[in-house]
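Quick notes on the structure that follows.
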Amino acid sequence: MKKLLIFFSLAFPFLAGAQDFHYSMYTMAPLTLNPSLAGSFTGDLRIVNNYRMQWMTVSKPFTTYTFGGDMPLARHDREKPSPDYFAIGANVNVDKAGSTNFKTNQFNGLFSYHKSLDGVGRTFFSFGIQAGVSQRSISLGGQSWDMQFNGLQYDAALPTGENASVGQSFTFFDFGAGASFSSVANDRFKTMGGLAVSHLNRPRVDFMGSDEKQYMKFTLHWSAQVALGQNSNAWLLPQLLFVQEGPARMINAGAGVKYRLSERSHYTNYQSEKSFSIGGMYRVGDAMCGYIRFDVGPVGFAFDYDFNTSQLAVASNGMGALEFMLIYTGIYNDKNTRLATPSFY
């Protein structure tokens, strides 16, 4: 049993290219990317749901689910309003891997500060922190063992010879921080980039009660929206992600095109805007990804499919992952939003 637990606590997470879970549509999971992105959107409330299911043809599917929300805090200085603001957020992440139900539950709170560098709210430097509690568990009840081989075949009725009650769950605290830069010069060009560091306290993450600690994770990300022509309703959406966590490294690069089907009404703010996006990405050494997204007013929906290109493609038949995103962005108070300089969706 000891060897199995060591395998799952150390080796198993690296099958995905890094110890932590990840999304292919990472720009659409902002609260998992960088805590400084909490509140970095146009509106008063943002709620995001992400779901990922992968390796369906290899074993019991690996699933990841994230539910999160964030909002800027109200500015109290009405006489001399400032574009600077604070924001808060929270998210829940549930990651389950394989037939052993190797599971990680995370509950995080986020706090960020956004400083306008130009004094009018078009260019921001943002800093954020994240704190939370995580639980990891594993279920060994449905597994088979070498001692259950009776000489001819596997016999589930035979004793396993293992102590299935040892080290199957533990809880730990986790902390992270990040900084980002965003510029929304106009509706024709927007750019955002940042650096985040996760697991600053390097929590213990093994099941055996030893002093094995999780590596700090460094995340570097950049994305932009660039208009394809002076009067065009289409935008190019390049993006880049680099993650280093101990010896594990992930590089994800790609681009998409967003086409605005209808412009938002002046009288209803952005509620009537409709857009369609399509794009692709390459996660180096792992997968090719393609996605589509629809936005209607405050609601957006996206779908992604990963084609596996790693050595696992022999077993997976190239079927990597399915991913979904659902987002809601609400505007309730004109004085507490950035309507004049709309940011990334």
Does the pair Phe324 and Tyr23 meet the rule for a ring pair (Phe, Tyr, Trp, His ring centres under 6.0 Å), with working shown? CA-CA 10 Å; Phe324 302 90; Tyr23 289 109; over 10 Å; no

List the steps and the verdict of side-chain contact (heavy atoms from CB on, under 4.5 Å) for Phe242 and Arg249. CA-CA 8 Å; Phe242 175 85; Arg249 178 178 298 173; 3.7 Å; yes

Could you go through Phe124 and Tyr85, starting from their C-alpha distance and side-chain angles, then the distance that decides it, and tell me whether this counts as side-chain contact (heavy atoms from CB on, under 4.5 Å)? CA-CA 10 Å; Phe124 282 91; Tyr85 65 100; 3.8 Å; yes

Residues Thr32, Asn50; criterion side-chain contact (heavy atoms from CB on, under 4.5 Å); working and verdict: CA-CA 10 Å; Thr32 69; Asn50 302 92; 5.6 Å; no

Test side-chain contact (heavy atoms from CB on, under 4.5 Å) applied to Phe86 and His114, step by step: CA-CA 6 Å; Phe86 292 94; His114 304 266; over 6 Å; no

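Side-chain polar atoms of Tyr328 and Asn49 form no donor-acceptor pair below 3.5 angstrom. His22 and Asn252 share no donor-acceptor pair across their side chains, judged by distance under 3.5 Å alone. Ser134 and Asp174 share no donor-acceptor pair across their side chains, judged by distance under 3.5 Å alone. With hydrogens and angles left out, the side-chain atoms of Ser24 and Arg283 include a donor and acceptor closer than 3.5 Å. A side-chain donor from one of Ser180 and Ser36 sits under 3.5 Å from a side-chain acceptor of the other. A donor-acceptor pair shorter than 3.5 Å cannot be found between the side chains of His221 and Ser223. Between the side chains of Arg52 and Thr66, not a single donor N or O lies within less than 3.5 Å of an accepting N or O. Inspection of the Trp235 and Ser275 side chains reveals no N or O donor paired with an N or O acceptor under 3.5 Å. Side chains of Gln214 and Glu245: a donor on one and an acceptor on the other come within 3.5 Å.
Across all their heavy atoms, Ile327 and Arg46 have their closest contact at CD1-CD, 3.9 Å. Between Ala38 and Leu110, the shortest heavy-atom contact is CB-CB, 4.3 Å. The minimum heavy-atom distance between Ala234 and Tyr259, with the atom names listed, is CB-CD1, 4.0 Å. Contact record, Pro83 with Ser116: CG-CB, 3.5 Å, taken as the closest heavy-atom pair. In plain terms, the two heavy atoms of Cys289 and Asp304 that are nearest each other are CB-OD1, 3.4 Å. The two residues Pro35 and Ala196 make their nearest non-hydrogen contact at CD-CB, 4.2 Å.
When side chains are defined from C-beta on, Leu236 does not count as touching Gln225, because their heavy atoms never get closer than 4.5 Å.
To the nearest 0.5 Å, the span separating NZ on Lys258 from CG on Asp295 amounts to 6.5 Å. To the nearest 0.5 Å, the span separating CG on Asn34 from CG on Leu195 amounts to 7.5 Å. Interatomic distance, CG of Asn201 versus NE2 of His199, reported as 9.0 Å (0.5 Å rounding). The structure places CG of Leu220 at 8.0 Å from CG of Leu241, a figure rounded to the nearest 0.5 Å. In this structure, Gln135 CD and Asn105 CG are separated by 6.0 Å, a value rounded to the nearest 0.5 Å. The line from CZ of Phe21 to OG1 of Thr104 is 9.0 Å long, rounded to the nearest 0.5 Å.
No path of Ile, Leu, Val, Met, Phe, Trp and Tyr side chains, each step under 4.5 Å between heavy atoms, connects Tyr291 with Val257, placing them in separate hydrophobic clusters. Both Phe175 and Val133 are assigned to one and the same hydrophobic cluster, defined by single-linkage of ILVMFWY side chains at heavy-atom distances under 4.5 Å. Residues Met192 and Met28 share a single hydrophobic cluster, defined by chaining ILVMFWY side chains whose heavy atoms lie under 4.5 Å apart. Under the 4.5 Å side-chain contact rule for hydrophobic residues, Phe172 and Val92 do not share a cluster. Under the 4.5 Å side-chain heavy-atom criterion for grouping Ile, Leu, Val, Met, Phe, Trp and Tyr, Phe276 is connected to Leu326 within one hydrophobic cluster.
The pair Lys217-Asp20 meets the salt-bridge criterion, since a charged nitrogen lies less than 4.0 angstrom from a carboxylate oxygen.
Tyr113 and Phe111 have their aromatic ring centers separated by at least 6.0 angstrom. A ring-centre distance under 6.0 Å is not found for Phe301 and Phe294. Residues Phe307 and Tyr282 keep their aromatic ring centres 6.0 Å or farther apart.
Checking side-chain atoms of Thr63 against main-chain N and O of Met53 turns up no donor-acceptor pair under 3.5 Å. At distances below 3.5 Å, at least one donor-acceptor pair connects side-chain atoms of Thr309 with backbone N or O atoms of Ala287.
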